[in-house]
Structures are given as C-alpha cells and as structure tokens.
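Per chain, numbering begins at 1; letters A, B, ... match sequence-line order. Hydrogens, waters and symmetry mates play no part in the numbers below; they use all other heavy atoms, side chains included.
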Amino acid sequence: MPELPEVETVCKYLRKYVINKTIKDVNVYELKILQNITLKEFKKNIQNQKILQITRRGKYIIFLLSFSTLISHLRMEGKYFYYSEQKFLKFHKHKMISFCFNDNDILIYSDTRKFGTIHYFLNHNFKNNNPIKKLGIEPFNTNFNELYLKKNWLKTKKAIKKSLLEQNIICGIGNIYADEILFLSKIHPLSVTNKLSLTDLKKIVLATKTILKKAIELEGTTIKSFSSFQGKFSGHFQFNLKVYHRYNQKCFNCNFLIKKIKLSNRSSFFCDHCQIQKK
DNA sequence: CAGCGTGTTGAGGA
DNA sequence: TTCCTCAACACGCT
C-alpha cells in the first residue's frame with residue numbers, strides 16, 4: 001500500500017496525535033513484528049520514554065524516543081489508530097501492537113496481512129544500522145539529480161521500472177508512483193536503465209519530485225485499502241493518476257489504449273505510444 | 001474456488 | 001558479479 005507520500009501523510013497525522021506523549025506500556029500481539037529485539041527487552045526499555053519526534057526515511061516511519069528509536073514499516077496494509085478509550089482495542093482483529101500512554105490514550109498498529117515490521121534501537125544511532133543504513137537517496141534531497149542517477153546506474157542493465165523500485169538507490173518509490181513517473185517522463189518501463197540519456201535522467205528526476213510532491217499535498221493515493229490514519233483519512237491522488245490502474249483506457253495525451261504488462265510479477269501500466277523504449 | 005496484490009527478503013539458478 | 005524468477009509472509013476481495 002503505502003509509498004513515500006502515504007507514509008509522509010501517516011507521519012503527519014501521527015505527529016498531530018502522539019508527539020510529546022510518554023509511553024506507559026506496550027502490548028505486542030504478534031511477536032513477529034519485532035525484528036531485532038526480544039519482547040522482554042523491548043517492553044522493559046520502552047516504558048516511560050517520550051515521543052520526541054516523528055520523521056520519515058524512505059517508506060519507514062521513525063519515532064525518536066527519549067533514549068531510543070522505534071522504526072515502523074507498514075508494508076502493504078499497516079495502519080495506525082488513536083483512541084482515548086481502551087475499549088476500542090477489542091474492535092481491532094488484526095492489531096499487532098498497541099501503545100498505552102501516561103494519559104491512558106492508546107495508539108494501535110493494525111495490519112490485516114501482518115507483514116509490518118518494527119525495528120527498535122536502544123539509542124539514537126539508527127542511521128548506521130539496517131534497515132535505514134541500506135536506503136538510497138531521498139527524492140527531495142537536492143543531491144538527487146541526473147548525475148546521481150548516471151553514477152548509480154552506469155552498469156545497470158535491468159528495466160528502468162525495476163530500477164526505480166530499488167530502495168537502495170532512490171528510496172520511497174513504489175509500484176504506483178514508478179508507473180506515474182515513467183509516464184510523465186515519457187519513458188517506457190522496459191527501457192534499459194543504462195541506455196537512458198542524461199536528458200532522460202533529468203526528466204525522471206523532475207517527474208519524481210513533481211509527482212511525489214503533488215501526491216503528498218493530496219495525502220497519498222487510495223486505491224484499495226489505504227487510509228492514512230484512524231481508518232478515515234484517505235488520499236486523493238487517485239484522481240490524478242495518469243496510467244496506474246488505467247488498463248485499456250484512453251491515454252490522456254494521445255488516446256491510445258493504456259497497456260498492462262507483468263514485470264517481476266508486478267503490474268506495470270504504460271502508454272505504448274507516448275513512452276519510448278530505449279533498448 | 002482460484003487468483004490477485006500499493007512491499008520486502010531470501011533462495012536458487014542462469 | 002549480476003540479474004532473474006519464485007516463494008513466502010496472510011488476508012480480504014473479486
């Protein structure tokens with residue numbers, strides 16, 4: 001579900017509700033959510049820590065606590081819910097973890113497919129550790145430009161669509177926005193990555209920044225199940241999608257029909273007529 | 001009932 | 001090394 005704009009939106013709402021709250025206790029319902037720490041150690045350490053800051057890196061949400069760091073990934077369907085009453089806990093069939101604050105408000109992480117993860121560090125030194133360590137550049141970083149891509153894609157022969165999804169080069173782009181970026185850049189998803197010209201790379205950079213910025217403004221894309229917070233805030237970027245999910249519909253530029261192919265088992269939508277393939 | 005999927009990882013093979 | 005496909009994770013939806 002969530003790509004950079006959706007995660008950014010979730011962060012925005014989380015900040016609104018839980019900044020400066022102190023965690024009293026935590027309940028873990030699905031042990032597998034904890035990636036790098038035992039339940040015992042986690043529970044012991046997190047008590048009485050205050051949430052100082054909430055930031056995003058790639059598709060990860062980073063909770064900076066008084067003396068530790070909690071890093072959450074929503075994978076496909078993870079969602080946060082916030083309540084002032086404990087009784088709402090029982091309505092969440094797929095909850096993986098819940099936090100209870102000093103004022104007895106609660107934050108629930110719910111995930112129907114249970115793919116979500118939490119990494120927990122006993123300090124603030126998370127940047128030099130996985131999963132954050134392996135992430136590539138942020139799309140809004142000023143150093144993200146055509147020269148960065150040229151350098152990193154010099155030897156990359158795979159399809160450009162796949163390259164865009166590699167989080168260790170650029171982080172935050174997922175299947176939806178990759179298709180949209182390539183459409184706006186007029187580049188075919190099967191184009192060989194290192195055959196792209198500097199001009200093409202420049203187009204990709206510009207399209208990436210433009211699309212992600214717009215999607216953040218519209219609070220993300222709601223196709224199937226995405227809601228950013230409390231299950232009731234959904235995005236509006238779906239009304240701005242130019243190719244994604246538009247199979248067999250007319251291209252907004254040229255009226256040819258949008259095509260759909262499978263690339264690494266993921267759907268790719270594109271316009272065969274507008275998007276040029278470099279072999 | 002079978003197939004699908006907005007994400008990530010690892011195995012196995014070419 | 002590099003790249004690919006497939007499976008796994010688990011569930012609701014079509």
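Distance A:N194 CG to C:dC3 C1': 13 Å, rounded to the nearest Å. Atom-to-atom, OH of A:Y244 to C1' of B:dC4 comes out at 11 Å; the value is rounded to the nearest Å. One can place CG of A:N36 at 13 Å from P of B:dT9, the figure rounded to the nearest angstrom. Spacing between atom CG of A:L164 and atom C1' of B:dT8 amounts to 17 Å, rounded to whole angstrom units. The distance from atom CG of A:L165 to atom C1' of C:dC3 is 15 Å, rounded to the nearest whole Å.
Taking the centre and axis of the six-membered ring of A:F252, the NZ or CZ atom of A:R246 falls inside the cone set by 45° and 6.0 Å.
For the 3.5 Å distance criterion, the side chains of A:S98 and A:Y29 qualify, holding a donor opposite an acceptor. At a cut-off of 3.5 Å, with distance as the only test, no side-chain donor of A:T193 or A:T156 sits close to an acceptor on the other residue. One side chain, A:E77 or A:T112, offers a donor N or O that lies under 3.5 Å from an acceptor on the other. Side chains of A:Y177 and A:E6: a donor on one and an acceptor on the other come within 3.5 Å.
For the side chain to side chain donor-acceptor pair (under 3.5 Å) test, no residue two or more places apart in sequence or in another chain qualifies with A:N123. Residues forming a side chain to side chain donor-acceptor pair (under 3.5 Å) with A:K12 (at least two apart in sequence, or on another chain): A:E219. Every residue two or more places apart in sequence or in another chain that forms a side chain to side chain donor-acceptor pair (under 3.5 Å) with A:D200 is listed here: A:S197, A:K278. By the side chain to side chain donor-acceptor pair (under 3.5 Å) test, A:N240 is found to be paired with no residue, residues two or more places apart in sequence or in another chain being considered.
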* Structure fact -> A correct dot-bracket answer for DNA chain B, with pairs being Watson-Crick or G-U at under 3.5 Å, [ ] for crossing pairs and | for inter-strand pairs, is .||||.||||||||
Protein and nucleotides 4-10 of chain C: nitrogen or oxygen contacts under 3.5 angstrom:
unit_1	atom_1	unit_2	atom_2	d
C:dT5	OP2	A:K162	NZ	3.0
C:dC9	O3'	A:K32	NZ	3.1
C:dA10	OP1	A:K32	NZ	3.2
C:dA10	O4'	A:R113	O	2.9
C:dA10	N1	A:R113	NE	3.3
C:dA10	N1	A:R113	NH2	2.8
C:dA10	N3	A:R113	NE	3.1

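Within the structure, every side-chain polar atom (N or O) of A:K134 is placed at least 4.0 Å from both OP1 and OP2 of B:dT8. Of the side-chain N and O atoms in A:T156, none sit less than 4.0 angstrom from OP1 or OP2 of C:dT2.
In this structure, A:Y177 reaches neither bases nor backbone, as no heavy-atom distance under 4.0 Å exists between it and the strands shown.
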